[in-house]
2 protein chains.
Amino acid sequence: MTETVSPPGRPARGHAAAVQAEACPIGPVVDLVFSRWTTPILWALHAFGRQRFVELERRIGTITPKVLTQRLRQMERDGLVVRTYYPEVPPRVEYEISELGLSLAPLFHHLTEWSRDHLGEVAAARVAYDDRDGPMP
Amino acid sequence: MTETVSPPGRPARGHAAAVQAEACPIGPVVDLVFSRWTTPILWALHAFGRQRFVELERRIGTITPKVLTQRLRQMERDGLVVRTYYPEVPPRVEYEISELGLSLAPLFHHLTEWSRDHLGEVAAARVAYDDRDGPMP
DNA sequence: CTGAATCCTATGGGATACTG
DNA sequence: CAGTATCCCATAGGATTCAG
């Protein structure tokens, strides 16, 4: 037995996921694609094509090598990116989007459109919400 | 002053967001819609319509009232859901998807489709990855 | 019923330093 | 260059309890 009691923190999605919690069918995808760093990475890879570790690191700018490695590994495992290792000195590794990863492109496109069309409303909603004073019961 | 130094943990998206880190234009949307509980909630609201707190709570099954409240508040502020308070005894509150929230439906639909079409490949990729033994350099 | 208050922990992720 | 290894902390979120 790996866990005796209910694990706090973040139990659900990747784990006993579809238990029953989410009739919500998109849980898995969300976990896959929309975690903190996956989108920026995927985006960088998609926008600038095959590139090596350092390029990616610099492109994203705020990510640490540790985390970048972690995420890339996971994405590689999930089949979203392809890692190619060149045993030279100095070593060279290149990452690129896989075909599967590329299949997400339309999705990203839709997201971009939604942003363009509705992000303003969100901002407005926030202002409105913050302006109305006194907490509602 | 709420924060004096650079906040570790999860600094970026909601915060000094678009600094430069992400030319990735979908960062904001991701933050908005694809955070841990927002999708299940949105889904429940969309699938079963206007409903009250407890219904939602039970529907989602694994969420605690505290977190449910937090997320609902945020989503209300973002204009994704509408909260209606009925000052009766016992008090009654109903939540429903806003028009803005509804505008996400196509997106969810695309995600569902992607799931249906490609989630198998992800699973396969994982098996393949785990099967190839020995860590790559 | 609807939530606010407390307390607590697992997890992600930043910083830094070190190897092959 | 491409990571790994440590250390360490902030935060999300679970459990539980209490209140209007």
Side-chain angles (χ1 to χ4, degrees), chain A residues 2-16 19 21 30-31 34-41 51-76 81 83-95 135-137, chain B residues 2-16 19 21 30-31 34-41 51-76 81 83-95 135-137:
Chain A
T2 40
E3 32 196 43
T4 32
V5 289
S6 54
R10 197 170 178 288
R13 288 251 183 71
H15 162 251
V19 189
V30 172
D31 252 24
F34 301 108
S35 307
R36 182 69 189 88
W37 288 110
T38 43
T39 25
I41 295 176
Q51 56 201 295
R52 39 204 306 190
F53 192 85
V54 205
E55 300 184 81
L56 224 47
E57 189 178 353
R58 283 201 260 268
R59 193 90 65 186
I60 302 187
T62 57
I63 198 171
T64 59
K66 187 188 86 171
V67 176
L68 182 55
T69 305
Q70 288 175 344
R71 306 281 69 174
L72 281 173
R73 285 283 191 281
Q74 182 192 326
M75 294 167 74
E76 189 196 357
V81 310
R83 174 179 183 269
T84 318
Y85 176 77
Y86 301 89
E88 317 166 348
V89 285
R92 183 161 56 100
V93 175
E94 291 189 349
Y95 293 91
M136 295 276 205
Chain B
T2 40
E3 32 195 40
T4 29
V5 289
S6 55
R10 198 170 177 288
R13 287 250 184 72
H15 164 248
V19 188
V30 172
D31 251 23
F34 300 108
S35 307
R36 182 69 190 86
W37 289 109
T38 43
T39 26
I41 295 177
Q51 56 200 293
R52 41 202 306 190
F53 192 85
V54 205
E55 302 184 80
L56 263 175
E57 190 178 354
R58 285 201 260 268
R59 193 90 67 188
I60 302 186
T62 56
I63 198 172
T64 59
K66 187 188 88 172
V67 177
L68 182 54
T69 305
Q70 287 176 346
R71 306 283 69 180
L72 281 172
R73 283 285 190 279
Q74 184 192 326
M75 294 167 74
E76 189 196 356
V81 310
R83 174 181 184 268
T84 318
Y85 175 78
Y86 300 89
E88 316 165 347
V89 286
R92 184 162 56 101
V93 176
E94 291 189 350
Y95 293 92
M136 296 276 206

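Chain letters run A, B, ... following the sequence lines, proteins first, then strands; residues in each count from 1.
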5′-ward residue of the pair B/P65/B/Q70 relative to DNA chain D: B/Q70
Quick one: [X] [atom1] to [N] [atom2], roughly how many Å, whole number?
X     : N      : atom1 : atom2 : result
A/E88 : D/dC1  : CD    : P     : 13 Å
A/R59 : D/dA2  : CZ    : P     : 13 Å
A/L56 : D/dC1  : CG    : P     : 14 Å
A/D31 : C/dG12 : CG    : C1'   : 14 Å
B/Y85 : C/dA4  : OH    : P     : 11 Å
A/I60 : C/dG13 : CD1   : P     : 12 Å
B/W37 : D/dT11 : CH2   : C1'   : 16 Å
B/L68 : C/dG3  : CG    : C1'   : 10 Å

Taking only N and O in the side chain of [X], is any of them less than 4.0 Å away from OP1 or OP2 of [N]?
X     : N      : value
A/R92 : D/dA2  : no
B/R71 : D/dA12 : no
A/R58 : D/dA2  : no
A/R36 : C/dT11 : no

Qualifying residues under salt bridge (Lys or Arg N to Asp or Glu O under 4.0 Å), relative to A/E94, sequence neighbours excluded: A/R50, A/R92
Side chain B/E55, main chain B/R52, donor-acceptor under 3.5 Å: yes
Tell me which nucleotide among [options] gets nearest to the side chain of [X].
X     : options               : value
B/T64 : C/dA15, D/dC1, D/dA15 : D/dA15
A/T69 : D/dT4, D/dG13, C/dG3  : D/dT4
A/V93 : C/dG14, D/dC1, D/dG3  : D/dG3
A/R83 : D/dG20, D/dA2, C/dG13 : D/dA2

Non-hydrogen side-chain atoms of A/F34 and B/T39 separated by less than 4.5 Å: no
B/L72 and B/R83, any side-chain heavy atoms less than 4.5 Å apart: no
Sugar-phosphate only, base, or nothing, as touched by B/Y95 at under 4.0 Å among non-hydrogen atoms: sugar-phosphate
Side-chain donor/acceptor of A/K66 to base of D/dG3, under 3.5 Å: no
Set of residues satisfying side chain to side chain contact (heavy atoms under 4.5 Å, CB included) with respect to A/P65, sequence neighbours excluded: A/F53, A/E57
